[in-house]
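Just below is one structure, and these are the notes that go with it.
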Amino acid sequence: MSTETPIPAERGDFIREIVAADLREGRRQSIVTRFPPEPNGYLHIGHAKSICLNFGIAREFGGRCNLRFDDTNPMKEEQEYIDAIEADVRWLGFDWGEHLYYASDYFEQLYEWAVDLIKAGKAYVDDLSADEIREHRGTFTEPGRNSPWRDRPADESLDLFARMRAGEFPNGARVLRAKIDMAAPNISLRDPVLYRIVHSEHPRTGDAWCVYPTYDFAHGQSDAIEGITHSICTLEFEAHRPLYDWLIDNLPVPSRPHQYEFARLNLTHTVLSKRVLLRLVNEGHVRGWDDPRMPTMSGLRRRGYPAEGITDFATLVGVAKTDSVVEVGMLEHAVRNVLNRAASRRFAVLAPLKIVIENFPEGQVEEVEVPNNPEDPSAGTRKVPFSRELWIERDDFMEEPVRKFFRLAPGREVRLRSAYFVTCTEVVKDDAGEVVELRCTYDPATRGGDAPDGRRPKATLHWVSAAHAVPAEVRLYDYLFKSPYPGADGADLFDDLNPESETTLSGCFVEASLADVPAGETVQFERLGYFCPDPDSAADALVFNRTMTLKDTWAKLQKQGRQDTA
RNA sequence: UGGCGAGUGGCCUAAUUGGCAAGGCACCUGACUCUGGAUCAGGGGAUUGAAGGUUCGAGUCCUUCCUCGCCAGCCA
């Protein structure tokens, strides 16, 4: 308890074990990781897994995690994304301190190293076109062929490379390539492109450059410059590791980072691909990157998911090298878990049905005391007005109750939460036979929700006073994709889009205090689920998003019943 | 087809490196309950991708095979 060891006691995932061993066996004195997003889109929950891994390791092992933007492709990158990414990482609860970097910070150094490589005869300027380079590359089974420019004198490459930088050539005219092995079974070693000409405004460096390093030439060297010890990336970069190492081996870099790969996160009922997410936005399937149905950080935030739920989820799924698809249910579990603990409870009626308590004095208003969070007594209580006319949930009444339906029905007594027991005495219908109102009586002796004679209703209902409740719009969300595996076995994943992923309810009535819920806070509407105010919400026009429902065994029973009869 | 990687209950992840296959999610049952929530207790579910081999003993080591993923951008 008194001694502090930088090495956590419990065994972790395979990467943490490597980190611990490197420390324990003296290969490393301290740990430096990095989260290296490309600012060409918004962060999603898959990135959260990587963020939690990199920042988590730094935190646990007393090290540091840099935030580094991998901004080597000015055609796709924008400042807007840089800003959003920073905000998202912060929101998750991580801090990079002073260590905010950009690969573009290193462009000059990278250029010099490229020159070193040319001088050493390990890189050359190639005049072949992109198509020709592809043809020369060979295939999985056939080796590639050397470019005719491969053995051009270093001086010539040097001159050409300088002129590429000077802007003498158009996009695609020439590239700088590493001279490795055109017959390598690993295709990324067949003289990979190191630099290409891109005449394009860069969000950070403007028009200072018209040659840009490729990912392969920038990433490992950036790691080395920053003293990254463990460069953690996803599985698809595994084949690049030999190239990563080759560059580190052949350049006078100041440190020796190592790359480790883990399986990226996949989730059922959604898609975590920047390309597809971009299409969802651009084609109007959602209203934007922060649409509450999106798996983006900003979408989840707007949906009301607490950051802690997401980081807990990352811990829950672990880190391994097996391609996997995690059931969304696990995310929902993590989120419910923190919300159940922290969210304060309120009353809201989504599909209102009026009840009139005939023996309750007209015009009288009583304030009943309601606990804000039964899970957390320190959250205190609040006063909620109770009167003769109330709204209850339509689903909480059945004229002809089926088996196992415990809620209100003609002649049945239920408890109105924290208020009184009421009994339904009469059902009022309109001409069409629709139930429009219930007449009830209440038992004044049950004030607060307990009967002196100890009788206990089988159901407790939420309610709001008709005269005091405020109207609201509530947006219900469901999975963006109907199929757990959108686009599986060749199907067009856009065919799997769930047309009911968003349902807007108007005419809801909510407790007046709900007008004061601050942005970013998620509350529980008792018995219904977790909800948060949407940015569209205004003082005189409240809008709530349903973050998720409570676990609902009644709904499950109903669903099962439907299946049984079907 | 060449290279690389991965296969453990429906899903995710462990297994002290050769010693009784464990935990979480999901599911089911019961208890409790002023949320049909939460909580608590219990339960079902695994030939560890397959077949051989080594061994007293294999998820772990060897051989062969099968399946899946990634790689042929001047994307990352």
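Keep in mind that this is a model prediction, so the values were computed, not measured.
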For this session: Report the distance from atom CZ of Phe406(A) to atom P of G37(B), rounded to the nearest whole Å.
Result: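 So the CZ-P distance, Phe406(A) to G37(B), works out to 10 Å.
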
Exercise. Taking Asn40(A) as the fixed residue, which of Glu78(A), Lys76(A), Glu77(A), Lys274(A) is the one that meets the side-chain hydrogen bond (donor to acceptor under 3.5 Å, both in side chains) rule?
Worked result: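 With Asn40(A) as partner, Glu78(A), Lys76(A), Glu77(A), Lys274(A) yield a single side-chain hydrogen bond (donor to acceptor under 3.5 Å, both in side chains), made by Lys274(A).
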
Would you say [X]'s side chain and [Y]'s backbone share a donor-acceptor pair under 3.5 angstrom?
{"X": "Glu367(A)", "Y": "Phe386(A)", "value": "no"}
{"X": "Gln259(A)", "Y": "Phe237(A)", "value": "yes"}
{"X": "Lys179(A)", "Y": "Arg150(A)", "value": "yes"}

Problem set entry | Contact list for residues 523-532 of chain A, test salt bridge (Lys or Arg N to Asp or Glu O under 4.0 Å), sequence neighbours left out |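 Salt bridge (Lys or Arg N to Asp or Glu O under 4.0 Å) check on residues 523-532 of chain A returns Asp396(A)-Arg527(A), Arg417(A)-Glu526(A).
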
[X] vs [N]: side-chain N/O to OP1/OP2 distance below 4.0 Å:
{"X": "Arg137(A)", "N": "G73(B)", "answer": "yes"}
{"X": "Arg134(A)", "N": "G73(B)", "answer": "yes"}
{"X": "His333(A)", "N": "C25(B)", "answer": "yes"}
{"X": "Arg264(A)", "N": "C70(B)", "answer": "no"}
{"X": "Arg527(A)", "N": "U33(B)", "answer": "no"}
{"X": "Arg456(A)", "N": "U33(B)", "answer": "yes"}
{"X": "Arg196(A)", "N": "A76(B)", "answer": "yes"}
{"X": "Lys551(A)", "N": "A38(B)", "answer": "yes"}

Exercise. For residues 212-225 of chain A, which residues have at least one heavy atom under 4.0 Å from RNA chain B?
Worked result: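 Thr214(A), Tyr215(A) - these, ordered by number, are the residues of the stretch whose heavy atoms sit under 4.0 Å from the strand.
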
With rounding to whole Å, what would you report as the distance between [N] and [M] at their [atom1] atoms?
{"N": "U55(B)", "M": "A41(B)", "atom1": "P", "result": "47 Å"}
{"N": "A58(B)", "M": "C20(B)", "atom1": "C1'", "result": "14 Å"}
{"N": "G43(B)", "M": "U1(B)", "atom1": "C1'", "result": "50 Å"}
{"N": "C25(B)", "M": "G45(B)", "atom1": "C1'", "result": "14 Å"}
{"N": "U48(B)", "M": "G9(B)", "atom1": "C1'", "result": "10 Å"}
{"N": "A22(B)", "M": "U8(B)", "atom1": "C1'", "result": "11 Å"}
{"N": "G69(B)", "M": "G57(B)", "atom1": "C1'", "result": "34 Å"}
{"N": "G49(B)", "M": "G7(B)", "atom1": "P", "result": "8 Å"}

Exercise. Ion pair present between Lys321(A) and Glu238(A), side-chain N to carboxylate O less than 4.0 angstrom?
Worked result: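 Yes, charged N to carboxylate O under 4.0 Å.
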
For this session: Give the intermediate values and the outcome of ring-ring contact (aromatic ring centres under 6.0 Å, His included) for residues Tyr244(A) and His240(A).
Result: CA-CA 6 Å; Tyr244(A) 183 104; His240(A) 293 241; over 10 Å; no

For this session: Both distances under 3.5 Å, Watson-Crick or G-U wobble: report the partner of G10(B), or none.
Result: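 Pair assignment: G10(B) / C25(B).
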
For this session: Under a 3.5 Å limit for both distances, which nucleotide forms a Watson-Crick or G-U wobble pair with U55(B), could you say?
Result: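 Checking every strand shown, U55(B) finds no partner, since no pair has both distances under 3.5 Å.
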
Exercise. What nucleotide, of A76(B), C74(B), A38(B), holds the atom closest to the side chain of Glu236(A)?
Worked result: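 Per side-chain heavy atoms of Glu236(A), the pick is A76(B).
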
Exercise. Any side-chain donor-acceptor pair under 3.5 Å between Glu413(A) and Tyr442(A)?
Worked result: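 There is no such pair between these side chains.
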
For this session: Give a yes-or-no answer on whether the side chains of Asp376(A) and Ser378(A) include a donor-acceptor pair shorter than 3.5 Å.
Result: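 Note: Asp376(A) and Ser378(A) side chains meet the donor-acceptor criterion.
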
For this session: Take nucleotides 1-9 of chain B nucleotide by nucleotide from the 5' end and write B, S or -, depending on whether a protein heavy atom sits under 4.0 Å from the base, only from the sugar-phosphate, or from neither.
Result: BBS-SSS--

For this session: Could you give me the CA-CA distance, side-chain angles and deciding distance for Phe347(A) and Phe525(A), then say whether ring-ring contact (aromatic ring centres under 6.0 Å, His included) is met?
Result: CA-CA 5 Å; Phe347(A) 291 159; Phe525(A) 288 0; over 10 Å; no

